[in-house]
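Just so you know, ligand 1 is whichever comes first in the structure, and atom 1 is the first atom listed for that ligand.
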Amino acid sequence: MKKIKKIAVMTSGGDAPGMNAAIRSVVRACAYYRVSCVGIYRGYEGLIEGDFIELTARSVNNIINKGGTILKSARSKEFRTKEGRAKAYEHLKENNIEAMVVIGGDGSFTGAVIFNEEYKFPVIGIPGTIDNDIFGTTHTLGYDTALNTAVEAIDKIRDTASSHNRLFFVEVMGRDAGFIALNAGVGAGAEEILIPEEDLGLERMLESLKKSRRTGKSSSIVVVAEGDKSGKNVYELAQYVEENLPEYDVRVSVLGHMQRGGSPSCFDRVLASRLGVKSVELLLDGQTNLMVGLKNNEVISTSIAEAIKGGHSINQELLRVSDIMTT
Ligand SMILES: Nc1ncnc2c1ncn2[C@@H]1O[C@H](COP(=O)(O)OP(=O)(O)OP(=O)(O)O)[C@@H](O)[C@H]1O
Ligand SMILES: O=P(O)(O)OC[C@H]1O[C@](O)(CO)[C@@H](O)[C@@H]1O
Ligand SMILES: [Mg+2]
């Protein structure tokens, strides 16, 4: 088997803390194994434009602690077209790039699988998204940091909620996944948690808030995932409670993109370092179409197709714990 001599790395989709640590790891692993490494700017967008940079072990000094991504990220419409992917392939060929590491979420992996089908181009995925909505890994890069950011913010909201005897609806990210809401909700002691995976019902929420009042709680926090199943956004939920429980003084806080920024947690830095090394080792071993991930604290690999299609399930035990905690 011919040894790969040049590997490219990109970050794609929504950015996530820990992406820089993963870039660093891929670049340093390439240097260790004496393989050239090229960074692709702005995900598939930069691939289509041939916006590349040579990366050496020294190019990634002092980035392990930085949020965002030095390679920048994008959502590329053109890569969804055959013509766009043909341009991308030409740039890879021109630059003698023989394999690619894609750090991103399910959409980025879908693009990688299609590209591999069309051009037989070797690809490995590193799961990088705060949403944690990828099968084949218990943790995606950025998820742990985002949880800590959300919990810190909700703690602060709790201070003011408690001083004013108010009910706060706090919206956290998670368009299709409730991992951030459920875990940050339990970690911050939320009274109710609304997630896309389960429709707990608005009646149930009203009953729970009434009970909170009856049993002596003067303030409450309800954590709502962006993609909550009730179909109501956080402002509509607040209005619904105001109309049905006028005794409550309700406020809304949307945490938004602050959850995607900031210095990565130690967990995310270590995970990124492990996954980056593994991705390069798999490519040098002649493997492709795999996503690296974590299971029982072991680095494992799953076929990318399975990682995309496998779906994600919410932890029922955690839901039960959350329920018991509202007593
Ligand atoms: N079906 C597809 N065909 C080709 N390319 C795709 C396809 N789906 C997604 N992509 C490419 O992957 C990019 C990133 O996908 P997407 O915007 O869904 O983010 P993601 O990787 O899922 O990350 P996150 O959900 O964390 O923001 C898209 O902008 C597009 O360029
Ligand atoms: O503002 P953007 O980049 O469109 O992304 C928002 C989405 O990205 C995510 O944070 C994932 O990165 C989702 O939870 C959220 O809905
Ligand atoms: Mg996604």
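- Residue Lys6 forms a salt bridge (charged side-chain N to carboxylate O under 4.0 Å, His left out) with just one option from Glu98, Glu54, Glu94, and that option is Glu54.
- In terms of polar-atom proximity, defined here as any N/O pair under 3.5 Å, Gly107 does make such a contact with ligand 1.
- By the 30° and 60° cut-offs, the orientation of the rings of Phe79 relative to Phe115 is tilted.
- Here the heavy atom of the protein found nearest to atom 31 (O) of ligand 1 is Ser76 O, 2.7 Å.
- Residue contacts with ligand 1, taken as heavy atom pairs separated by less than 4.0 Å, involve Thr110 solely via side-chain atoms from C-beta onward.
- Nearest heavy atoms, Pro17 versus Ile130: CD-CG2, 3.8 Å.
- Where the criterion is an N or O separation shorter than 3.5 Å, residue side chain and backbone included, Glu226 meets it with respect to ligand 2.
- The protein heavy-atom contact nearest to atom 19 (O) of ligand 1 is Arg75 NH1, 3.2 Å.
- Of all protein heavy atoms, the one lying nearest to atom 7 (C) of ligand 1 is Arg80 NH1, 3.6 Å.
- The ligand atoms of ligand 1 that sit less than 4.0 angstrom from a heavy atom of Phe79 are 4 (C), 5 (N), 31 (O).
- Atom 10 (O) of ligand 2 has as its closest protein heavy atom Met173 SD, 3.0 Å.
- Pairs engaging residues 18-31 under the side-chain hydrogen bond (donor to acceptor under 3.5 Å, both in side chains) rule: Arg28-Asn61 [sequence neighbours left out].
- Residue pairs meeting the side-chain hydrogen bond (donor to acceptor under 3.5 Å, both in side chains) criterion with at least one member in residues 180-193, sequence neighbours excluded: Tyr143-Asn183, Glu191-Lys217, Glu192-Arg204, Glu192-Ser208.
- With sequence neighbours excluded, no residue forms a salt bridge (Lys or Arg N to Asp or Glu O under 4.0 Å) with Glu281.
- Of the protein's non-hydrogen atoms, the one nearest atom 22 (O) of ligand 1 is Asp106 OD1, 2.6 Å.
- Taking any N or O of Arg75, backbone or side chain, at least one lies under 3.5 Å from an N or O belonging to ligand 2.
- Counting only protein N, O or S atoms, the number found under 2.8 Å from the Mg ion (ligand 3) is 1.
- Taking every heavy atom of Ser12 and a limit of under 4.0 angstrom, the matching atoms of ligand 1 come to 13 (C), 14 (C).
- Only the side chain of Tyr44 comes within 4.0 Å of ligand 1, judged by heavy-atom distances.
- Atoms of ligand 2 found under 4.0 Å from any heavy atom of His257, numbered from 1 in the order shown, are 1 (O), 2 (P).
- For ligand 1, the atoms lying closer than 4.0 Å to a non-hydrogen atom of Gly105 are 20 (P), 21 (O), 22 (O), 23 (O).
- Regarding atom 8 (O) of ligand 2, its nearest protein heavy-atom neighbour is Arg260 NH1, 3.0 Å.
- Proximity of Gln259 to ligand 2 is not established, as no heavy-atom distance is less than 4.0 Å.
- For a threshold of 3.5 Å applied to N or O pairs, the pair formed by Ser108 and ligand 1 contains at least one separation below that value.
- Protein heavy atom closest to atom 14 (O) of ligand 2, with residue, atom name and distance, is Asp131 OD1, 2.8 Å.
- Here the protein heavy atom with the shortest distance to atom 24 (P) of ligand 1 is Gly14 N, 3.7 Å.
- Dense packing is recorded around CG of Asp159, with more than 12 heavy atoms of other residues, nucleotides or ligands lying under 6.0 Å away.
- Of the N or O atoms in Gly174, one or more lie within a sub-3.5 Å distance of an N or O in ligand 2.
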Inset, instruction - Let me see the working for Tyr44 and Ser12 under side chain to side chain contact (heavy atoms under 4.5 Å, CB included), right down to the final yes or no. - result: CA-CA 7 Å; Tyr44 294 122; Ser12 169; 3.8 Å; yes
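- Among the atoms of Ala74, none of the N or O lies under 3.5 angstrom from an N or O of ligand 1.
- Of the polar atoms of Thr129, at least one N or O is found under 3.5 Å from an N or O of ligand 1, judged by distance alone.
- For the residue pair Ser303 and Asn289, no side-chain donor N or O sits within less than 3.5 Å of a side-chain acceptor on the partner.
- Close approach of ligand 1 to Ile114 (heavy-atom distance below 4.0 Å) involves ligand atoms 1 (N), 2 (C), 3 (N).
- The nearest pair of heavy atoms linking Lys211 to Thr326 is NZ-O, 4.4 Å.
- Summary of contacts: the protein heavy atom closest to atom 6 (C) of ligand 1 is Gly111 CA, 3.7 Å.
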